[in-house]
Number of protein chains: 2
Amino acid sequence: MRIGELAKRAGTTTRALRYYEQLGLLPARRAGNGYRAYGEEDVRLLRQIRTLQDFGFGLEETRPFVECLQAGHPHGDSCPASLEVYRKKLSELDECIARLQEVRSQVSEQFARAERERDALAAGAAAEPPQCEWAASAAPDRNTGER
Amino acid sequence: MRIGELAKRAGTTTRALRYYEQLGLLPARRAGNGYRAYGEEDVRLLRQIRTLQDFGFGLEETRPFVECLQAGHPHGDSCPASLEVYRKKLSELDECIARLQEVRSQVSEQFARAERERDALAAGAAAEPPQCEWAASAAPDRNTGER
DNA sequence: GTAGACCTTGACGCCGACGTCAACGCCAGT
DNA sequence: ACTGGCGTTGACGTCGGCGTCAAGGTCTAC
């Protein structure tokens, strides 16, 4: 199988595959004409990479999984190093989610405050003109303007 | 006030300030010698920028807030454009948090499965030797190995 | 023999928010 | 006069994961 077919079968691009090879993540045999030659096993490796990437794993984080498969294990996560990456990622996710939730609540609070202040001004602007009429008749000398 | 002092007072670097100026985000007057000259108002602008950045806002997203302050409003979020950015950011945050939680649950599931399989293998390896003793006395001909 | 579809390497571009370095100017203190 | 500490502009580097282009080689079909 050549690079274009592998790319298509794994839903990625030839450029990505060349990049993975450059990282030593997905090495390729070479055909006589210099073309990269891949086997069925490489489809599994590549799909493992893509799956983890969809989860937000960086390419280096997928390496233990790929090496685990290359070593002949049934799954990419059959090896301790992969489990360790899982653990690390889970704690990263927890931390990240907590941080985002904290940020969300703060932004939400700011937003609510800003809207309250806007509404207070709008209410003031809407309430004062009538009040001005009242003020104009009751206290005609208070016309020098506020603020 | 010169650039170094402003940077210190807002907890950032001179490089960042020059970058903001380059973006037109935080323009500076110039002293006779060519040095940038900042006023007290710029401290407020800069702190607004930094606060929003800590919330994960991109610099362009802080622009409406900064312009709002520059226009003389009491807060950076006293203007409609700023409120709109708040809304957009809140929905981005919600989407992002939801995505991360989904990913977290999937990774967690994979992790649990991988650990179960590892334990199953370990239990098999640990359970078989004793079983072999038992099997050796009760059924001496079943010693050709399993799997 | 030639068009077209594939492949090769190499190199630069991109995004954001600066870091870092070079080479220089300005100013205060001793 | 000289040192040290500020400032200036300009330019390149960083990180990840490729996209995109250039200039060519290879193979197949007509």
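Note on naming: letters A, B, ... go to the chains in the order of the sequence lines (proteins, then strands), and numbering restarts at 1 for each one. What you are looking at is a predicted structure, and each value in this text was computed from that prediction instead of being measured.
Put simply, CD on Glu60(B) is 12 Å from P on dC18(C), counting in whole angstrom units. The distance from atom CG of Leu6(B) to atom C1' of dC6(D) is 15 Å, rounded to the nearest whole Å. Distance, Tyr19(A) OH to dG19(D) P: 11 Å, rounded to whole Å. In this structure, the CD atom of Gln22(A) is 10 Å from the C1' atom of dC18(D), given to the nearest Å. Taking atom CZ of residue Phe57(A) and atom C1' of nucleotide dG16(D), one finds them 17 Å apart after rounding to whole Å. dA17(C) atom C1' lies 14 Å from atom CG of Leu46(B), rounded to whole Å. Asp54(A) has its CG atom 14 Å from the C1' atom of dG17(D), to the nearest Å. Distance, Ile3(A) CD1 to dT8(C) C1': 10 Å, rounded to whole Å.
Without hydrogens or angle criteria, Ser82(B) side chain to Gly76(B) main chain gives a donor-acceptor distance under 3.5 Å. Remark: side-chain polar atoms of Glu61(A) are paired, donor with acceptor, to backbone N or O of Gly58(A) under 3.5 angstrom. At least one donor-acceptor pair under 3.5 Å links the side chain of Thr51(B) to the backbone N or O of Arg47(B).
Contact check, Thr13(B) against dG19(C): a side-chain N or O comes under 4.0 Å of OP1 or OP2. In terms of phosphate contacts, Tyr20(A) brings a side-chain nitrogen or oxygen within less than 4.0 Å of OP1 or OP2 of dC18(D). Of the side-chain N and O atoms in Arg15(A), none sit less than 4.0 angstrom from OP1 or OP2 of dG17(D). OP1 or OP2 of dT8(D) has at least one side-chain nitrogen or oxygen of Arg36(B) nearer than 4.0 Å.
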Go through the steps to decide whether Lys88(B) and Glu92(B) satisfy the test salt bridge (Lys or Arg N to Asp or Glu O under 4.0 Å), and finish with yes or no. CA-CA 6 Å; Lys88(B) 189 168 71 69; Glu92(B) 280 178 21; 3.1 Å; yes

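The side chain of Leu59(B) sits closest to dC18(C) out of dT8(C), dC18(C), dC18(D). The side chain of Arg2(B) lies closest to dC6(D) when the candidates are dC6(C), dC6(D), dT8(D).
Base engagement by Arg18(A) is indicated by at least one non-hydrogen atom pair under 4.0 Å involving a base atom.
Between the side chains of Arg113(B) and Gln110(B), at least one donor N or O sits under 3.5 Å from an acceptor N or O.
With DNA chain D read from its 5' end, the first of the two nearest nucleotides for Asn33(B) and Gln53(A) is the one closest to Asn33(B). Between Lys8(A) and Glu21(A), the residue whose closest nucleotide on DNA chain C is further toward the 5' end is Lys8(A).
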